[in-house]
Amino acid sequence: MTNIESAQRAGAKADFDAIIIGAGFSGMYMLHSLRDKLDLNVTVFEAGDGVGGTWYWNRYPGARCDSDSYIYCYTFDKNLLQEWNWSERYPEQDGILRYLEHCAERFDLKPDIQFGKRVVEVLFDEDTELWTVRTDKGDAVTTRYVIPAVGALSTANVPPIEGLSSFKGKCYHTSRWPHDGVDFTAKRVGVIGTGATAVQAIPEIAQQAKHLTVFQRTPNFCVPARNGAVSIPRSPGRARPITTESGSASRIPSSGSS
């Protein structure tokens, strides 16, 4: 390659300034920041059919956040922070998904998110200094920057259990739960594991199943969640208490307070 050809390739125009992989909390915020604050040409590739990331995929019985709702949210927009009302101290999956859907509409994010497309390859060309991103739907686009926003919980861990492939019954993974739910009425159910997800799912499944067996390697220890409904009285210029049924309270400074 001649010096002229090399210079021409280095000046090649990209299809996008940045490509974000994933439309969960971080991917949505990156889109808002790069597009609306830096005026960059950005697109997001999302494997699911909607925003939410972890909260789009994980719909198992009892799924909820284990952080207080008033801190498990965006803080870059004061009006959004003050106007959104959480119903519980530890919000359920559907409540968090409603919040993220609201944010996507509020900041008009969806026109720049390509749903139903999983990124399968990312290659960097040192001559053009561009990334080529390919999806399972046949897209092949170039970009200056690639920002993976897939999080740590995006890949299901399916253990290589002997006989699993020949099991004749139904098998579900909590991170790929059917969106229309599962009816365990009159069923014999086995749950493998007693981690944070199982702690949430087991009590819910036990209420419906005819018989439930839990397989665990190491016993887990849990403390009471002290969850409850949230009541937020509005008073301009004053801190807003969040009070739960357990009697615990936290405070959010209202706009204008220090």
Side-chain angles (χ1 to χ4, degrees), residues 24-26 28-29 50-106 151-153 172 174-175 177-185 189 191 193-209 212 214 216 218-258:
F25 264 100
S26 57
M28 290 171 60
Y29 178 68
V51 299
T54 293
W55 302 107
Y56 172 87
W57 296 108
N58 287 265
R59 303 185 184 220
Y60 59 86
R64 69 173 65 245
C65 181
D66 56 6
S67 296
D68 285 89
S69 55
Y70 75 96
I71 62 172
Y72 197 77
C73 57
Y74 291 126
T75 58
F76 64 87
D77 186 296
K78 287 186 176 181
N79 291 329
L80 172 64
L81 189 63
Q82 296 296 324
E83 293 169 7
W84 182 263
N85 292 326
W86 294 100
S87 60
E88 296 179 85
R89 180 182 179 185
Y90 301 119
E92 290 185 309
Q93 173 268 334
D94 59 347
I96 298 174
L97 194 57
R98 282 196 302 273
Y99 171 76
L100 290 172
E101 285 282 357
H102 171 77
C103 293
E105 295 296 333
R106 185 186 186 100
L153 305 175
Y172 304 99
T174 50
S175 71
W177 203 261
H179 287 193
D180 55 355
V182 179
D183 184 5
F184 291 111
T185 303
V189 181
V191 175
T194 51
T197 296
V199 166
Q200 294 179 337
I202 288 170
E204 299 296 325
I205 295 174
Q207 294 182 42
Q208 191 179 55
L212 174 65
V214 178
Q216 65 174 3
T218 305
N220 226 336
F221 180 81
C222 300
V223 298
R226 308 297 184 192
N227 188 39
V230 172
S231 175
I232 308 180
R234 299 194 175 279
S235 179
R238 300 182 63 182
R240 305 185 309 171
I242 291 183
T243 306
T244 67
E245 292 175 353
S246 64
S248 59
S250 304
R251 304 185 77 82
I252 305 178
S254 62
S255 57
S257 61
S258 58

Nearest non-hydrogen partners of [X] and [Y], listed with the distance:
X	Y	result
Gly193	Ile202	O-CD1, 4.2 Å
Leu97	Gly52	CD1-CA, 3.9 Å
Pro61	Glu204	CB-CB, 3.6 Å

Contacts of Asp94 that satisfy salt bridge (Lys or Arg N to Asp or Glu O under 4.0 Å) - sequence neighbours left out: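 So Asp94 forms a salt bridge (Lys or Arg N to Asp or Glu O under 4.0 Å) with Arg98.
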
Counterpart residues, salt bridge (Lys or Arg N to Asp or Glu O under 4.0 Å), relative to Arg64 (two or more places apart):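 Per chain and number, Arg64 pairs via salt bridge (Lys or Arg N to Asp or Glu O under 4.0 Å) with Glu88, Glu92.
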
Who passes side chain to side chain donor-acceptor pair (under 3.5 Å) against [X], sequence neighbours left out?
X	value
Ser175	His173
Glu101	Lys110
Tyr74	none
Thr194	Gln216

Please list, chain by chain and in numerical order, all residues satisfying side chain to side chain contact (heavy atoms under 4.5 Å, CB included) with [X], sequence neighbours excluded.
X	result
Asn79	Asp77, Glu83, Arg106
Cys65	Trp55, Ser67, Tyr72, Pro91, Ile96
Thr218	none

Look at the rings of Tyr29 and Phe76 and say which category their plane angle falls in: under 30° parallel, 30 to 60° tilted, over 60° perpendicular.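 Ring orientation, 0 to 90° scale: tilted.
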
Any donor-acceptor N/O pair, Asp183 side chain to Thr185 backbone, under 3.5 Å: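 It does hold such a pair.
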
Phe184: which residues meet the ring pair (Phe, Tyr, Trp, His ring centres under 6.0 Å) condition with it, sequence neighbours left out?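 Counting only residues at least two positions away or on another chain, Phe184 forms no ring pair (Phe, Tyr, Trp, His ring centres under 6.0 Å).
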
Residues that Trp57 engages under ring pair (Phe, Tyr, Trp, His ring centres under 6.0 Å), provided they are two or more places apart: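 If we apply the ring pair (Phe, Tyr, Trp, His ring centres under 6.0 Å) test to Trp57, skipping adjacent residues, there are no hits.
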
Hey, does His102 have a side-chain heavy atom less than 4.5 Å from the side chain of Leu80?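 Yes; the side chains approach each other to less than 4.5 Å.
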
Given side-chain contact (heavy atoms from CB on, under 4.5 Å), test Trp86 with Cys73 step by step and report yes or no. CA-CA 10 Å; Trp86 294 100; Cys73 57; 4.1 Å; yes

Quick check for you: to the nearest 0.5 Å, what is the distance between Gln93 atom CD and Thr54 atom OG1?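 Taking CD in Gln93 and OG1 in Thr54, the distance rounds to 10.5 Å.
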
Could you state the interatomic distance from OH (Tyr56) to CG (Leu100), rounded to the nearest 0.5 Å?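 So the gap between those two atoms works out to 13.5 Å.
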
